[in-house]
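Proteins come first, then strands; the chains are lettered A, B, ... in the order of their sequence lines, and each starts at number 1.
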2 protein chains.
Amino acid sequence: MRESYLRELLKVDGQEIRLTEKQANILAAAIEIFAEKGYAGTATSEIAKRAGVAEGTIFRHYPAKKDLLLAIVKPGVLKLAVPVFADNMVENIFNREFQGFDELLRTFIYNRLDFARQNVAILRIVLQEFAFHPEIKMIIEEAFLEKVYPRIKQTVTGFQEAGLLKEMPITTTVRCIVSPILGFIVTRFLLNPDAEWDEAQEVEHLIDFILKGMEA
Amino acid sequence: MRESYLRELLKVDGQEIRLTEKQANILAAAIEIFAEKGYAGTATSEIAKRAGVAEGTIFRHYPAKKDLLLAIVKPGVLKLAVPVFADNMVENIFNREFQGFDELLRTFIYNRLDFARQNVAILRIVLQEFAFHPEIKMIIEEAFLEKVYPRIKQTVTGFQEAGLLKEMPITTTVRCIVSPILGFIVTRFLLNPDAEWDEAQEVEHLIDFILKGMEA
DNA sequence: ATAATAAGTGAGTAATCACTCACTAATGGA
DNA sequence: TCCATTAGTGAGTGATTACTCACTTATTAT
């Protein structure tokens, strides 16, 4: 895990974050081990060891173990929940003449697929830990409710009004679209990452499935 | 949590299991707390306390903490993976004249939905812990590969040959069918259990979505 | 160059961990 | 009734836990 990756990950609101080498090592080690053994199953002593750092150094930068977890998860969730989607895609769709729903889906899926590929460990941590830490749950809810959901709702409603999507409760619609995508990402990177995957084919099947399933 | 529930859960291969009251309390407490805090975050002392039992009593029945986990998870996974589906449904479908795929889906979904409703805690434990415990992963893989997958494959292939389902790699097909269902169950019982759910409507939307998405 | 601040250290601490063991209480078959 | 087996106990164990603190080293601003 390289420092540039961490700097990019931790950059929120455009704020640059400066990391010493040891700080970067701590974060990298924590991400690795949290993903491997889970937060509660990870000893700070082990993080220190793998980071090549004294245990005290960890607590110099993070007052408590949980702060270290949040320092990893918080930007992870934000980057996960605020995809290119929110910033570019919807604008493109609605400000220009919009392309088809399939093109939108394709862009979205590949975008999140690549994010998952580059952040498997953090994805794993978020999925494993949000159930036990209300702080994480809140971060996710905020990010989702404020950034993702309204955009998706706007987009989906637009397509529904254009008669391209079936009328359903918006939550149901979103769930029907998201579940197969998430199902594929989780299978691809967490459950069976070593299988031989024809990603392009899978994505096309996925798009076809969702599209036909949602047709008016 | 009542003893009859536990006896039913632990009954595998028809073998009756006799539990003293304290043993049942231990299992019930362990299920509760494991689901709340996760395995690694749970102290055996706390299980003993909530079960109203000396800590030594736990280790009289389970040599190690992990054995207690497995005693809960193992039958849980089996009951989860070997639904009425495996025993009755497929037989019904193939031995009689078969109904439509929608009827099959409906039966399957309601069946698993009810199972989830009655086993939320165990569902949560399995989902949370399988990533960290190879033993659990193996139990799941065995149960799935031996009992569930062949049945599903047989069924799906049958419908494909009848021209009712699109031709796709079998794994893709299964994933497309299972993801939305699992997505619903997880949302319904784990993510947002307190919302007002119109289950019947959701299930019908789900069936419609899957059916149309899979149409040849 | 110097002083001020930040980064890093590692031995030490109280608390908690999973687990043991010598023991008593309850149960069931003869 | 007696005995053998099983169930249950709780104080005690060494290991490990997250975290502290007095200290040294490195960095930065002036």
Side-chain angles (χ1 to χ4, degrees), chain A residues 3 6-7 10 15-34 36-73 125 128-129 132-136, chain B residues 3 6-7 10 15-34 36-73 125 128-129 132-136:
Chain A
E3 203 211 315
L6 287 170
R7 278 227 312 280
L10 300 182
Q15 271 195 324
E16 266 294 349
I17 286 173
R18 16 164 76 216
L19 291 175
T20 64
E21 206 190 320
K22 307 231 163 186
Q23 281 175 48
N25 289 346
I26 290 171
L27 285 169
I31 291 174
E32 271 182 41
I33 312 183
F34 283 158
E36 263 172 45
K37 312 187 165 189
Y39 171 77
T42 300
T44 49
S45 62
E46 199 186 347
I47 298 175
K49 202 173 172 184
R50 190 173 308 186
V53 147
E55 206 175 342
T57 309
I58 294 177
F59 291 94
R60 163 119 346 232
H61 297 286
Y62 307 95
K65 191 188 169 190
K66 182 162 272 185
D67 295 304
L68 176 56
L69 175 68
L70 293 181
I72 292 166
V73 161
I125 296 174
Q128 293 295 343
E129 302 301 333
F132 304 131
H133 309 272
E135 309 93 326
I136 298 183
Chain B
E3 203 210 315
L6 287 169
R7 279 228 311 281
L10 299 181
Q15 271 195 325
E16 267 293 349
I17 286 174
R18 16 161 78 213
L19 292 174
T20 65
E21 205 189 321
K22 306 230 162 186
Q23 280 175 48
N25 289 346
I26 290 172
L27 285 168
I31 291 174
E32 272 183 40
I33 310 182
F34 282 160
E36 263 173 45
K37 312 189 164 189
Y39 171 77
T42 300
T44 50
S45 62
E46 200 186 346
I47 298 175
K49 202 173 173 185
R50 188 170 313 184
V53 146
E55 205 174 342
T57 310
I58 295 177
F59 291 96
R60 164 122 342 233
H61 297 287
Y62 307 95
K65 191 187 169 190
K66 182 162 272 186
D67 295 305
L68 176 56
L69 175 68
L70 292 181
I72 292 166
V73 161
I125 297 174
Q128 292 296 342
E129 301 301 334
F132 304 132
H133 309 272
E135 308 94 326
I136 299 184

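Qualifying ring-ring contact (aromatic ring centres under 6.0 Å, His included) partners for B:Phe34, counting only residues two or more places apart in sequence or in other chains: B:Tyr39. Every residue two or more places apart in sequence or in another chain was checked for a side chain to side chain donor-acceptor pair (under 3.5 Å) with B:Lys49, and none qualifies. In this structure A:Glu36 satisfies the salt bridge (charged side-chain N to carboxylate O under 4.0 Å, His left out) test together with A:Arg50, sequence neighbours excluded. Legend: residues meeting side chain to side chain donor-acceptor pair (under 3.5 Å) with A:Thr44, ordered by chain and number and at least two apart, are A:Glu55. Partners of A:Thr20 according to the side chain to side chain donor-acceptor pair (under 3.5 Å) rule, which considers only residues two or more places apart in sequence or in another chain, are A:Gln23. Not a single side chain to side chain donor-acceptor pair (under 3.5 Å) links A:Gln128 to another residue, sequence neighbours left out. Judged as a side-chain contact (heavy atoms from CB on, under 4.5 Å), and not counting sequence neighbours, the contacts of B:Ala40 are A:Ala40. Residues forming a side-chain contact (heavy atoms from CB on, under 4.5 Å) with A:Glu135 (at least two apart in sequence, or on another chain): A:Lys66, A:Leu70, A:His133.
Bounding nucleotides for the chain B contact on DNA chain D, 5' to 3', at a heavy-atom distance below 4.0 Å, are D:dA7 to D:dG10.
In this structure, CD1 in A:Ile47 is found 9.0 Å from CD1 in A:Ile26, a value given to the nearest 0.5 Å. Distance CZ/B:Phe132 to CG/B:Leu69: 12.0 Å, rounded to 0.5 Å.
Spacing between atom CG of B:Leu69 and atom C1' of C:dA18 amounts to 14 Å, rounded to whole angstrom units. One can place CD of A:Glu21 at 11 Å from P of C:dT9, the figure rounded to the nearest angstrom.
For the contact set between residues 55-68 of chain A and DNA chain C, defined by any heavy atom under 4.0 Å, the members are A:Gly56, A:Thr57, A:Arg60, A:His61.
In this structure, A:Thr20 reaches the sugar-phosphate backbone alone: every heavy-atom distance under 4.0 Å involves primed, P, OP1 or OP2 atoms, never a base.
Fit an axis to the five pairs at each end of the helix from C:dA1-D:dT30 to C:dA30-D:dT1 and the two axes sit 20° apart, to the nearest 10 degrees.
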